[in-house]
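Read the structure below first, then the notes.
Values reported hereafter were calculated over all heavy atoms of this structure, with side chains retained and with hydrogens, waters and symmetry mates removed. Just follow the structure's listing: the first ligand is 1, and inside any ligand the first atom is 1.
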Amino acid sequence: MSANVYGIDLGTCNLKIFCKGTGKVINEKNTIAIVNKNQLYAFGDDAYAMYEKAPDSIKVSFPVVNGVIADYNNMQIMIGELLEKYAKSHIKGAEFIVAVPTDITEVEKKAFFDLFYKSRFKPRSVLLCEKPIADAVGLDLDVNSPTGFMIVNIGADTTEISVISLGGLVLSDLLHFGGKRIDESIINHLKRNFSLVIGQKTAMHLKETLGCAIAQQEETVETIKDES
Ligand SMILES: Nc1ncnc2c1ncn2[C@@H]1O[C@H](COP(=O)(O)OP(=O)(O)OP(=O)(O)O)[C@@H](O)[C@H]1O
Ligand SMILES: [Mg+2]
């Protein structure tokens, strides 16, 4: 395998690209902003900054929903622009390994494959890899050992629970909820109890800043104010 290899995870919230050659991981919001219905205005983190703040002429959207490609054209534009931005000179003839959720249809899988195979970058090869296997390799687990590893990947729209042993998936279940469900609960709680309306971005920020599964020093909303 050459160094011209890219590992891709098209998440509902974040798009991650691992470049084997440089060892770097690019992590940008999987968001696109379109102006006048068909002109690219911004993508990635720049487009996410406009989410919930853009005028009617700019449509900010997420091309991946529930872990699968919901807007193929915009996803193609996004991935093309991102690869051009970060890996322009090395991208021709590269190998792409694309992580896909386990519980999806053949048509949904083909969309992930075509996105790269039919791209202008003319890849040498495109391989689809089940997300739990990619997670295990990323965690540096010895996936080929006869020991069962349980992996729980909580994303924005999906939660994938899998058991891996001897290099293969023994069990896997894809649940259609993730971090966004917590954001919605925060929005509903503030609305119901405090008559306060906040957007999804604010809810996510509150969750990530104040929430923690492990006991820690108590954080307050004032802390957020100080940081911003
Ligand atoms: N420190 C944190 N505390 C709580 N939640 C967090 C934290 N950091 C990130 N998250 C949440 O994790 C989710 C994003 O995770 P991730 O990038 O793995 O999702 P994704 O791969 O885009 O989504 P999916 O796998 O469902 O397609 C968001 O809902 C985000 O708010
Ligand atoms: Mg994910």
Side-chain angles (χ1 to χ4, degrees), residues 6-18 24-32 43-49 51-52 60-72 74-75 78-79 82 96-105 108-109 111-113 115 128-139 141 150-162 164 169 172-190 198-221 223-224 227-228:
Y6 294 87
I8 317 262
D9 177 3
L10 304 174
T12 309
C13 181
N14 299 303
L15 193 159
K16 303 99 172 166
I17 302 174
F18 169 70
K24 281 191 184 149
V25 178
I26 296 151
N27 190 344
E28 290 236 12
K29 291 283 177 227
N30 200 351
T31 320
I32 189 164
F43 60 92
D45 293 347
D46 294 340
Y48 186 72
Y51 183 56
E52 296 176 331
V60 183
S61 65
F62 296 82
V64 171
V65 176
N66 281 328
V68 293
I69 301 168
D71 182 347
Y72 186 86
N74 278 337
M75 192 67 252
M78 269 245 0
I79 199 80
L82 267 177
F96 292 101
I97 300 167
V98 188
V100 294
T102 44
D103 242 5
I104 60 173
T105 65
E108 288 165 339
K109 264 189 200 164
F112 280 99
F113 182 82
L115 195 68
L128 299 185
C129 167
E130 285 164 320
K131 273 188 183 176
I133 301 284
D135 291 340
V137 173
L139 287 166
L141 299 176
M150 178 181 269
I151 296 171
V152 181
N153 180 341
I154 306 176
D157 258 357
T158 61
T159 297
E160 195 152 16
I161 305 168
S162 335
I164 292 176
L169 272 178
S172 183
D173 205 0
L174 185 74
L175 310 173
H176 291 279
F177 58 83
K180 261 198 201 168
R181 188 69 72 84
I182 303 174
D183 305 340
E184 281 157 21
S185 301
I186 293 171
I187 293 171
N188 290 337
H189 176 79
L190 289 179
I198 59 162
Q200 221 173 50
K201 269 166 86 173
T202 311
M204 192 162 124
H205 182 70
L206 282 171
K207 173 188 71 182
E208 290 178 8
T209 315
L210 298 179
C212 185
I214 308 158
Q216 60 170 12
Q217 239 185 335
E218 204 172 311
E219 298 267 1
T220 63
V221 179
T223 317
I224 300 174
E227 280 172 6
S228 59

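Under the 4.0 angstrom criterion, atom 12 (O) of ligand 1 counts as lacking any protein heavy-atom contact.
Side-chain contact between Pro63 and Asn30 is present, with at least one heavy-atom pair separated by less than 4.5 Å. Under the 4.5 Å side-chain criterion, counting only non-hydrogen atoms from C-beta, Asp135 is not in contact with Ile164. Counting heavy atoms from C-beta on, the side chains of Met75 and Leu15 come closer than 4.5 Å. Contact of the Val68 side chain with the Thr105 side chain is not registered, since no non-hydrogen atoms from C-beta on lie closer than 4.5 Å. Using a 4.5 Å cut-off on side-chain heavy atoms (C-beta onward), Ile151 and Leu141 make contact. Leu206 is listed as a side-chain neighbour of Leu190, based on a closest heavy-atom distance under 4.5 Å.
In terms of protein heavy-atom proximity, atom 29 (O) of ligand 1 is nearest to Lys207 NZ, 3.3 Å. Residue, atom and distance of the protein heavy atom nearest to atom 9 (C) of ligand 1 are Glu208 OE2, 3.4 Å. Closest to atom 21 (O) of ligand 1, if we only count protein heavy atoms, is Lys16 NZ, 2.8 Å. Shortest contact from atom 25 (O) of ligand 1 to any protein heavy atom: Thr158 OG1, 3.5 Å.
For Met204, no nitrogen or oxygen atom sits less than 3.5 Å from a nitrogen or oxygen atom of ligand 1, counting backbone and side chain alike. For ligand 1, the polar-atom distance check finds an N/O of Ala156 within less than 3.5 Å of one of the ligand's N/O atoms. Between Asn14 and ligand 1, at least one pair of N/O atoms sits closer than 3.5 Å. Between Asn153 and ligand 1, no N or O atom pair is found at a separation short of 3.5 Å. Checked by distance only, ligand 1 and Thr12 come closer than 3.5 Å through their nitrogen or oxygen atoms.
Taking a cut-off of under 4.0 Å to the non-hydrogen atoms of Asp157, the atoms of ligand 1 that pass are 26 (O). Here is the list of ligand 1 atoms found below 4.0 Å of a heavy atom in Gly179: 29 (O). Near Gly11, the atoms of ligand 1 lying under 4.0 angstrom from a non-hydrogen atom of the residue are 20 (P), 21 (O), 22 (O), 27 (O).
Of the heavy atoms in Glu160, none comes closer than 4.0 Å to ligand 1.
The NZ atom of Lys180 lies 6.0 Å from the CZ atom of Phe62; values are rounded to the nearest 0.5 Å. To the nearest 0.5 Å, atoms NE2 (His176) and CD (Glu160) are separated by 9.5 Å.
Here the side chain of Tyr48 pairs no donor or acceptor atom with the backbone of Glu28 at under 3.5 angstrom.
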